[in-house]
There are 4 protein chains.
Amino acid sequence: MAAALNLFVARGYAATRLEDVASAAGVSKGTVYLYFANKEELFKAVVQENLLPALAEGEALIDTFEGSTEALLHEILMGWWELIGESPASGLTKLLMAESGNFPDLAQYYNEEVIERCDRLFARILARGVAQGEFRETDVDLTTLALTAPMLFLMMWKHSFGPCASKVLEPKAFITHVVALVLHGLLRNPVPGAVIPPPPPLTAQPWRTPSDVNGDANGGTKS
Amino acid sequence: MAAALNLFVARGYAATRLEDVASAAGVSKGTVYLYFANKEELFKAVVQENLLPALAEGEALIDTFEGSTEALLHEILMGWWELIGESPASGLTKLLMAESGNFPDLAQYYNEEVIERCDRLFARILARGVAQGEFRETDVDLTTLALTAPMLFLMMWKHSFGPCASKVLEPKAFITHVVALVLHGLLRNPVPGAVIPPPPPLTAQPWRTPSDVNGDANGGTKS
Amino acid sequence: MAAALNLFVARGYAATRLEDVASAAGVSKGTVYLYFANKEELFKAVVQENLLPALAEGEALIDTFEGSTEALLHEILMGWWELIGESPASGLTKLLMAESGNFPDLAQYYNEEVIERCDRLFARILARGVAQGEFRETDVDLTTLALTAPMLFLMMWKHSFGPCASKVLEPKAFITHVVALVLHGLLRNPVPGAVIPPPPPLTAQPWRTPSDVNGDANGGTKS
Amino acid sequence: MAAALNLFVARGYAATRLEDVASAAGVSKGTVYLYFANKEELFKAVVQENLLPALAEGEALIDTFEGSTEALLHEILMGWWELIGESPASGLTKLLMAESGNFPDLAQYYNEEVIERCDRLFARILARGVAQGEFRETDVDLTTLALTAPMLFLMMWKHSFGPCASKVLEPKAFITHVVALVLHGLLRNPVPGAVIPPPPPLTAQPWRTPSDVNGDANGGTKS
DNA sequence: CATGAATGAGTGTTCATTCAT
DNA sequence: GATGAATGAACACTCATTCAT
């Protein structure tokens, strides 16, 4: 399964030949079928074997943690990266997204077992922050996503454009920056104590091509 | 090429049969080869045909915009989603990440032509915000990533787990929330006027398994 | 048809694409089908167009020739080479032998129209030599073949191993040598006036491996 | 490989379908690819497997032979025919000439490994004949060719026009005839002891068409 | 008369899967 | 339990052939 994990991550599902998995594992092609009914089952087994343990470990932390919720968030995200992001499991996450269309049941499973558990984890953290008066009132689902999106992005990036990008992306520095940004805000003079204000109204069709908006081209300005 | 785009996005590169592309386009298998040398060239053509125009349109907005940089950011991200995220180009972005390992030259090309141009766009916006006294001093590269990561996440999500997730994710609401979060911060009492403070120090190895940290098991507390 | 001739000779029947023939001829692929029903008919037309005229010319010479039959033979063979061997028709001959199995009717046709006429030509020459007292009595069919074999060999060679052989073969020198050899014989002291003597009896199984002929290994000597 | 040999010889390289080879061998199409990387490799393997052993056997004879060089020549040629000409290897020789243009490396290999070794064999025989006073001084290369050309012709003939010719060609009788002819000469009164005399001068352009030689049409007569 | 876009049967090749040993 | 030889369905790609223009 370790061999399969590496090859699936490196080449994708379709491009991974069972013969390569077998020889990488030092066994014959037929032996694979003694343990897995077919390629699809092998794939599913690899996914489940490598994703769940990491998540389980992560869930243990939260209850025992003492300190500010900002520090807790930082810890959680950094630990996530160290445990999953830096391990081959991050490759699996990417692979799962890439192949989700061809493996709906797997995507369903992953969604239920991993993502929703993950969401509940963050919901608890956010609730802790609000309860202790550290955080503003906030939409828990959206804020959770705003925190997990950079993590998923990091995993995807590592296994897609990262290797061929010109600027190297330092994951841990990025995580630290994101936490600081989301917590403290980018504005020089944020309004303390308030709920986050609603955004300004969008301009009408600002991105349309000129030919599309010739009639009311001045509608593109904000006011 | 429209047929190829749809099928590539729906099934992935390997699982898309040229015969299906042909019949979806209403032509025969051989006809495809009159216009594209092989499957790979078709794929590359689809990618380039559908990604670049969208980006080009996006770059036009920034110069003419008047208003707060917060509003500009909101506009840009929302426009990005309307123009690319809601179009099949978002599917291509996902596909490209999924297949980047098997098409290194395409990934390289996408990185140079799309990502780096995108980065420069955001760098200009952030510089505008800082210059006008709206934003704190900030690491431009990391903040750019913190803003683009949710966008890439949205595209990936839409074409992977989104369709089978229990909670529906409303992209525009998410974008609005992310902008507000990143700008105003999650803290109830952020420090106005200051540079974002450094994060608290991480605890020593908080996520390690007990077997790994047996020597200093109490290291799991914060300090 | 000139284009087809060149390509057929250069690449063989199967490896010649009609599209290449068309573009070499400066017309479109469809145009070829205005003049030839299909690839096979084109091939047959090329063969007939290029082989028969050369042979017809050759037949004209013999009746008017005055001089020794040895000189006549030399003239005929040399003329054959100049007219056919040095022209693309030699390539056709090679091609016809190569493809005879796949075009039995063409081989049949070639056999009747070319080879048998050729045989009759040589039979007349040999009869002339015997009638004039120049040549010994001889088996006409075999001697004809003994004279035409080197010619066919030359044509085959030119279009097969010739281009990659280390020693260059000078066709005209070879023809001259063959005529001299066949006429005068290789022996230092041939027996004038006599019929060619029968060959010595072959040894029993001279080429068998020793393990096969262990019983009478000395049978390898001549008598 | 036996099945491939038969089919290649019978139909040529291009017209032989791997599926036919497989079914002729009693296996499935995929099985062929367990042993040969592709069609080309199968072809090359068939050629090398079937040509070299035959030649190796042939080279053994010459050293042990006692008797006249004329008899030796007869033995060698007859043995060649029995060992190679009558075996499928003769079909391979024909095939190799037919496909030499499409397999230059194979032609090169055959030329070096087979033809040149063959040439050296005959050079030794001719030198023996001259050294023992049996043969006239002669151009070794050309005489070698004059002896091997009928053999190659026989192989070609057998697998091309032979099956559809009206007159049957008896190979062994032909070989015997050629040896006698080349040794004793066709002339009734050859000149003993002498070097073969140079050929009479060729007439000027005797084969040209009338339109080509209109200026000096009388130059076509010999004197 | 000429075109060239379109066709689709055919073939080389791959690889997940099986099973006798 | 393990093997590896064998399978055959599947697919990318080719090219002779057609036909509307």
Side-chain angles (χ1 to χ4, degrees), chain A residues 4 7-8 11-23 25-43 102, chain B residues 4 7 11-23 25-43, chain C residues 4 7-8 11-23 25-43 102, chain D residues 4 7 11-23 25-43:
Chain A
L7 287 170
F8 277 139
R11 304 184 188 173
Y13 178 78
T16 296
R17 299 186 302 138
L18 277 198
E19 187 157 17
D20 290 343
V21 173
S23 68
V27 299
S28 74
K29 199 160 39 159
T31 304
V32 177
Y33 283 86
L34 293 178
Y35 298 94
F36 306 97
N38 51 35
K39 191 182 183 180
E40 195 170 331
E41 291 304 317
L42 169 63
F43 182 66
N102 300 114
Chain B
L7 287 169
R11 303 185 189 173
Y13 178 78
T16 297
R17 298 187 306 133
L18 276 199
E19 192 156 15
D20 290 343
V21 173
S23 68
V27 298
S28 73
K29 193 166 43 164
T31 304
V32 177
Y33 284 89
L34 293 179
Y35 300 95
F36 305 97
N38 51 37
K39 192 181 183 180
E40 192 170 333
E41 292 302 318
L42 170 62
F43 181 66
Chain C
L7 287 169
F8 277 140
R11 304 186 188 173
Y13 177 78
T16 297
R17 298 185 302 138
L18 277 199
E19 187 156 19
D20 290 343
V21 172
S23 69
V27 299
S28 74
K29 199 161 39 162
T31 306
V32 177
Y33 284 86
L34 294 178
Y35 299 94
F36 305 97
N38 51 36
K39 191 181 183 181
E40 194 169 333
E41 292 304 317
L42 170 62
F43 181 66
N102 298 114
Chain D
L7 287 169
R11 304 185 188 174
Y13 177 79
T16 297
R17 299 188 303 135
L18 276 197
E19 191 156 16
D20 289 343
V21 173
S23 68
V27 297
S28 74
K29 195 162 44 160
T31 305
V32 177
Y33 284 87
L34 293 178
Y35 301 94
F36 306 97
N38 51 36
K39 192 180 183 181
E40 191 169 332
E41 291 304 317
L42 170 62
F43 181 66

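The model shown is predicted, which means the values in this text are computed figures rather than measured ones. Lettering of chains follows the sequences in order, A, B, ..., and the numbering in each one begins at 1.
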What pair of heavy atoms forms the shortest contact from [X] to [Y], and how long is it?
| X | Y | result |
| --- | --- | --- |
| C:Ala14 | D:Ala14 | CB-CB, 3.3 Å |
| B:Ala15 | B:Arg11 | CB-O, 3.3 Å |
| C:Thr16 | C:Val21 | CG2-CG2, 3.6 Å |
| D:Asn38 | D:Tyr33 | CA-CE2, 3.9 Å |

- line: Its contact letters, B for base, S for sugar-phosphate only and - for none at protein heavy atoms under 4.0 Å, make nucleotides 15-21 of chain E read SBBB---
Atom pair CZ/OG of C:Arg17 and C:Ser23 - distance to nearest 0.5 Å: 8.0 Å
statement: The reported gap from CZ in A:Phe8 to NZ in A:Lys39 (rounded to nearest 0.5 angstrom) is 6.0 Å
query: Can you check whether B:Tyr35 has a side-chain N or O nearer than 4.0 Å to OP1 or OP2 of E:dA5?
result: no
query: Is there a side-chain contact between C:Val27 and C:Leu34, using heavy atoms and a 4.5 Å cut-off?
result: no
message: Rounded to whole Å, please give me the gap between CG in A:Leu34 and P in F:dG4.
response: 13 Å
message: Show me the dot-bracket string of DNA chain E, counting Watson-Crick or G-U pairs under 3.5 Å, with | for pairs to another strand and [ ] for crossing ones.
response: .||||||||||||||||||||
- prompt: Can you list the residues that meet the salt bridge (Lys or Arg N to Asp or Glu O under 4.0 Å) rule with C:Glu40, with sequence neighbours excluded?
  reply: C:Lys44
message: Over all strands shown, is D:Phe36 touching base, sugar-phosphate only, or nothing at heavy-atom distances under 4.0 angstrom?
response: nothing
